Amino acid sequence: MTVHNIGIGESKRGDASDGTLAQAVGGRLSRVDGPAKITGAAKYAVEQQLEGLVHAVLVESTIASGRVRAIDTAAAEAAPGVLQVLTPDTIISLKTAADWFGTPPPDKPYCPLARDITFSGQHVAAVVAETFEQAVAAAALVKVSYDETPSIVDLSDGKAGDGIPIDAMTKEWGDASTAFASAPVRICAAYNTPREYQAPMEPHGLVARWEGDHLTVWEPSQWLDGMARTYAEWFGIPFGNVRLVSPYVGGGFGSKALALSHGAVAASAARMLGRPVKLVMTRPQTFTGYGGRAATRQTVTIGADRDGVIQSIVHRGVNETSMDGMWVEPLGSVTSIMYATPNFSSKQNVVRVNSVVPGAMRAPGENPSAFGIESAIDELAYEVGIDPLEIRLRNYAEQDPHAKKAWSTRQLREAFAAGAERFGWARRSPEPRSMRDGNQLIGWGVAAGTYPVRRAYGEAVVRILADGSVEVESSSIDMGQGTYTILAQTAAETVGVPADNVVVKLGDSRFPRAGVTGGSRLAGVMTGAVFKAATSALDQLVGLAIGDPRSPFHALQANTLVVANGRIASPRGDGPDVSIAELLDSVGRDHIEATGDTMPANSTAEDRYKNYTTIAMSVPHTEGDYSRHSWCAHFVEVRVDEDFGTVRVSRVVSALDSGRLYNPKLAESQWKGGIIMGIGQALLEEGIVDRRHGRIVNNNLADYLVPTNADIPDIEVISVGIPDLHSSVLGGKGVGELAIVGIAPAIANAVFHATGKRIRDLPITLEKLI
Ligand code: MCN
Ligand code: MOS
């Protein structure tokens with residue numbers, strides 16, 4: 001790489017003592033984008049400075065339900081520097097775009113500014129001015145009057161009702177209610193999770209510029225090609241006319257995968273004014289400008305025998321969605337696969353409330369699902385007097401109980417064993433309130449987690465350049481999870497050069513297309529694509545070395561050569577030994593280029609377009625003979641102050657099965673990040689709604705609490721995975737979303753062990769414990 005590793009100590013230490021293996025797949029190479037980020041050299045999307053750039057600021061609804069009666073823009077239009085005030089009446093008309101499955105949209109106009117208000121904080125107008133400050137000042141002068149109607153604030157609102165059944169979510173086998181009725185031991189409890197927010201450091205925003213019918217958008221993105229498609233459809237221009245640029249992303253956690261209404265506003269303004277427009281959300285706007293995790297309610301009933309062997313699980317779930325959008329948070333996803341049971345029933349409804357449509361937030365579905373089932377099985381453990389770890393092993397699912405297929409790999413038993421050993425679980429005293437340190441009650445809890453292996457197809461370009469360095473291009477992205485680094489390692493190992501000599505270019509839709517970075521799929525998809533492209537580049541290189549009469553190897557009549565550490569030699573070491581640069585020079589080539597993809601043979605151009613711009617080509621995780629998932633077991637210690645009810649997480653040991661790790665250092669960092677986010681979910685995070693106005697009150701990072709260093713103890717993570725070639729080309733399974741699944745129930749279970757009090761409503765705050 002041209003960017004050198006500045007890490008000290010461990011950073012270059014690989015699995016081998018000479019350091020070279022650190023640079024190969026599986027090595028602990030430090031983040032290659034790290035120095036650029038630390039020094040400020042990394043330029044984020046909205047830092048793009050353009051000639052003639054102007055600034056847009058959003059005006060949001062102050063009511064949650066009703067209709068805009070009038071918008072008085074006179075004062076704003078007269079304010080200094082103002083170029084334009086956009087309202088539903090003045091903004092250009094757009095077309096409705098397809099959803100992310102690519103379902104053909106209704107042929108009707110789309111307006112990103114609302115007349116009919118369905119939530120507080122909805123965009124109703126926007127002001128564009130020469131400077132940001134002028135736009136902010138003028139936006140405050142826009143007067144909107146409303147005809148307000150009663151709103152449904154949230155799930156607990158009396159008007160909310162039971163909602164809409166989502167039949168596609170129903171999973172049933174055996175006769176769960178009869179089996180429950182006759183079970184000797186019965187558990188039944190309701191578990192709730194609140195609205196939660198992704199809260200990335202970098203807020204949402206964009207810079208949009210038109211040149212004729214060509215649109216360039218600099219915008220932090222988890223999916224350049226999907227967003228480019230949406231922009232193209234909104235404006236009725238060819239897909240190829242839209243370029244998305246997103247070289248670095250300051251965190252997304254699911255919230256940056258789709259083009260959203262603020263993007264439509266900024267791109268419309270740019271088109272109308274003929275000038276580039278920048279629009280960046282304020283932190284409060286990020287709480288309503290797009291959806292966080294939906295609030296959920298679940299009822300879990302478990303019927304078991306007196307030995308704790310499960311006979312039946314009946315599960316009912318509800319999640320919030322908006323008045324005009326549909327978000328289903330799959331609450332039965334973990335419930336239906338974690339434990340063996342002969343009888344099962346899971347159903348789900350969604351309830352419409354006056355909120356922005358919720359969205360994907362790290363492990364959507366699996367995360368709240370695990371809170372239900374992993375709390376309920378703990379309740380069962382106490383009911384029958386069996387150790388919470390033992391009861392999980394007693395109900396271990398030897399195959400996927402729902403799909404009735406073998407697991408591709410499931411190292412969950414190994415995870416329980418390794419975690420328990422390291423944590424010292426055997427020393428746990430079983431009775432609640434039986435472990436203490438002064439006035440601190442100590443609790444030990446365990447919970448499992450899982451996330452499916454989501455798969456799609458990928459493509460990439462690999463070039464071997466005249467100086468012997470290697471270049472990789474892909475329109476996929478790195479939002480901090482490590483894509484730049486693992487793709488450098490993949491190309492390095494495959495071609496046979498040090499990763500320091502690989503430059504990875506991501507985040508530009510002009511590069512080979514890529515599907516969504518969501519569902520923890522990108523690493524598996526892209527290492528596979530880069531492996532294919534690099535293999536074909538290597539084949540070309542060796543082909544030239546053997547076949548070209550000008551090559552020093554030509555006379556050898558060798559049929560194979562070895563490329564390692566940037567040099568080419570015969571395997572027996574008896575011939576020439578030249579650098580890649582020398583070989584390319586001798587055969588008169590300035591580069592070699594290869595495109596590789598993992599698309600099925602015979603794929604049409606249309607299949608490819610669909611694969612990269614929609615999620616319709618995602619491969620089911622239960623395709624074929626296997627059911628593919630990552631797995632984990634979390635062991636948590638909490639200390640609860642007996643007088644104040646404050647909960648501190650004092651120790652976490654997690655053992656995780658993500659298959660083969662492409663880079664253990666980065667995977668460990670991802671897992672720890674997920675665990676930290678899970679600690680936030682368990683103890684701190686909750687969007688609080690003002691019941692009069694339907695507003696999110698704590699819409700800022702001072703009041704919406706996310707964990708800081710002081711909240712986080714030492715976290716130990718242990719990899720127990722083995723390569724899983726049913727899951728990806730190189731044997732890895734998902735990492736990014738796995739570890740947040742199961743942390744909140746592990747903490748709730750530890751709090752019960754500490755205090756004897758079962759908290760079934762997140763977050764676990766002190767007033768609930770008193
Ligand atoms: N990895 C590995 N071995 C594997 C799989 C992955 O070493 N077998 C490591 C690699 O460093 C890889 C990373 O883990 O870059 C994540 O890989 P993967 O699980 O495939 O997830 P994606 O690359 O698809 O990233 C998306 C995922 C999701 S969906 C969310 S949400 C999330 C997450 O990643 N958001 C994040 N991690 C995040 N990390 C940061 N810093 N910021 C976010 O917004
Ligand atoms: Mo992750 S919530 O699938 O982007």
Side-chain angles (χ1 to χ4, degrees), residues 25-34 37 100 196 198-202 220-223 226 248-258 290-293 327 329 358-367 409 451-456 458 474 476-490 504 506 514-528 530 615 618 628 630 656-677 717 719 721-725 727-741:
V25 176
R28 302 180 69 88
L29 185 66
S30 286
R31 287 259 298 273
V32 299
D33 52 329
K37 286 186 170 167
W100 63 340
E196 294 155 6
Q198 298 91 349
M201 293 254 278
E202 176 199 33
S221 171
Q222 293 180 230
W223 191 11
Y248 300 101
V249 184
F253 307 106
S255 67
K256 289 175 176 164
L258 305 176
Y290 54 88
R293 198 191 299 285
W327 176 261
E329 181 88 17
M361 178 166 156
R362 210 165 190 175
E366 278 71 18
N367 172 296
T409 48
Y451 196 79
V453 178
R454 303 199 187 281
R455 292 175 300 154
S474 157
S476 62
I477 62 97
D478 193 328
M479 55 180 164
Q481 79 276 39
T483 319
Y484 280 110
T485 313
I486 57 168
L487 298 189
Q489 289 172 281
T490 306
V504 178
L506 306 176
V516 66
T517 300
S520 276
R521 82 186 74 191
L522 191 73
V525 169
M526 285 311 305
T527 50
V530 169
I615 58 162
S618 292
R628 303 157 181 83
S630 300
L656 306 100
D657 165 17
S658 289
R660 178 189 186 197
L661 301 182
Y662 308 128
N663 181 325
K665 184 176 196 169
L666 304 188
E668 287 164 14
S669 166
Q670 281 288 300
W671 288 335
K672 288 180 183 175
I675 290 165
I676 291 166
M677 218 165 153
V717 289
S719 174
I722 52 173
D724 182 343
L725 292 171
S727 287
S728 63
V729 174
L730 298 186
K733 302 193 282 188
V735 160
E737 299 192 285
L738 174 63
I740 195 178
V741 184

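Not measured: the values here are computed from a predicted model. Order of listing sets the numbers, starting from 1, for every ligand and every atom in it.
- Distance check, rounded to the nearest 0.5 Å: CE of Met526 to CG of Asp478 gives 11.5 Å.
- The Pro364 neighbourhood of ligand 2 comprises atoms 2 (S), with distances under 4.0 Å to a heavy atom of that residue.
- When each atom of ligand 1 is checked for a heavy atom of Arg521 under 4.0 Å away, the hits are 20 (O), 24 (O).
- Side chain of Ser630 to backbone of Lys733: no donor-acceptor contact under 3.5 angstrom is found.
- Protein heavy atom in closest approach to atom 2 (S) of ligand 2: Glu737 OE2, 3.1 Å.
- Thr490 has its side chain within reach of Leu730: a pair of non-hydrogen atoms, C-beta onward, lies under 4.5 Å apart.
- Counting the atoms of ligand 2 from 1 in the order shown, those under 4.0 Å from a heavy atom of Arg362 are 2 (S).
- Annotation: atom 24 (O) of ligand 1 to nearest protein heavy atom, Leu522 N, 2.8 Å.
- Using a 4.0 Å heavy-atom cutoff, Pro200 is absent from the residues neighbouring ligand 1.
- In the vicinity of Gly732, heavy-atom distances shorter than 4.0 Å reach the ligand 1 atoms 8 (N).
- Taking both residues in full, the closest heavy atoms of Pro664 and Gly27 are given as CD-O, 3.6 Å, listed atom of the first, atom of the second, then distance.
- Proximity to Ser658 (heavy-atom distance under 4.0 Å) selects the following atoms of ligand 1: 8 (N).
- Looking only at protein heavy atoms, the nearest one to atom 2 (C) of ligand 1 is Tyr662 N, 3.5 Å.
- In this structure, Gly252 has a heavy atom closer than 4.0 Å to ligand 1.
- Contacts of Lys733 with ligand 1, taken as heavy-atom pairs under 4.0 Å, involve the backbone alone.
- For ligand 1, the atoms sitting less than 4.0 Å from at least one non-hydrogen atom of Leu666 are 11 (O), numbered in the order shown with element in parentheses.
- For Gly518, the closest heavy-atom approach to ligand 1 falls below 4.0 Å.
- Ligand 1 places these atoms under 4.0 Å from at least one heavy atom of Arg660: 3 (N), 4 (C), 8 (N).
- Side-chain contact check for Arg31 and Ser669: no donor-acceptor pair (N or O, by modelled atom type) lies under 3.5 Å.
- Residue-ligand proximity, Gly519 to ligand 1, at heavy-atom distances under 4.0 Å covers atoms 29 (S).
- Taking only nitrogen or oxygen atoms, main chain and side chain alike, Tyr451 does not reach within less than 3.5 Å of ligand 2.
- Any N or O atom pair closer than 3.5 Å counts here, and Gly519 shares at least one such pair with ligand 2.
- Comparing heavy-atom distances from atom 30 (C) of ligand 1 across Glu202, Met479, Gln481 singles out Met479 as nearest.
- Ligand 2 places these atoms under 4.0 Å from at least one heavy atom of Met361: 2 (S).
- In terms of N/O distances under 3.5 Å, ligand 2 is not approached by Ser520.
- If you check each of Gly26, Ser476, Ser520, Ala363 against atom 18 (P) of ligand 1, the one with the closest non-hydrogen atom is Ser520.
- When atom types are taken as modelled, the side chain of Arg293 and the backbone of Arg362 share a donor-acceptor pair closer than 3.5 angstrom.
- Close contacts of ligand 1 with Thr517, meaning ligand atoms under 4.0 Å from a residue heavy atom, involve 24 (O), 25 (O), 26 (C).
- For atom 1 (N) of ligand 1, the nearest non-hydrogen atom of the protein is Val735 CG2, 3.7 Å.
- Of the protein's non-hydrogen atoms, Gln222 NE2, 2.9 Å is the one closest to atom 4 (O) of ligand 2.
- Protein heavy atom in closest approach to atom 37 (N) of ligand 1: Gln670 OE1, 2.7 Å.
- Heavy-atom proximity to Gly518, at under 4.0 Å, picks out these atoms of ligand 2: 3 (O), 4 (O).
- Using a 4.5 Å cut-off on side-chain heavy atoms (C-beta onward), Leu258 and Trp223 make contact.
- The ligand atoms of ligand 2 that sit less than 4.0 angstrom from a heavy atom of Thr517 are 4 (O).
- Protein heavy atom closest to atom 43 (C) of ligand 1, with residue, atom name and distance, is Phe253 CE2, 3.2 Å.
- Ligand-side atoms of ligand 1 in range of Gly251: 44 (O), range being under 4.0 angstrom from any heavy atom.
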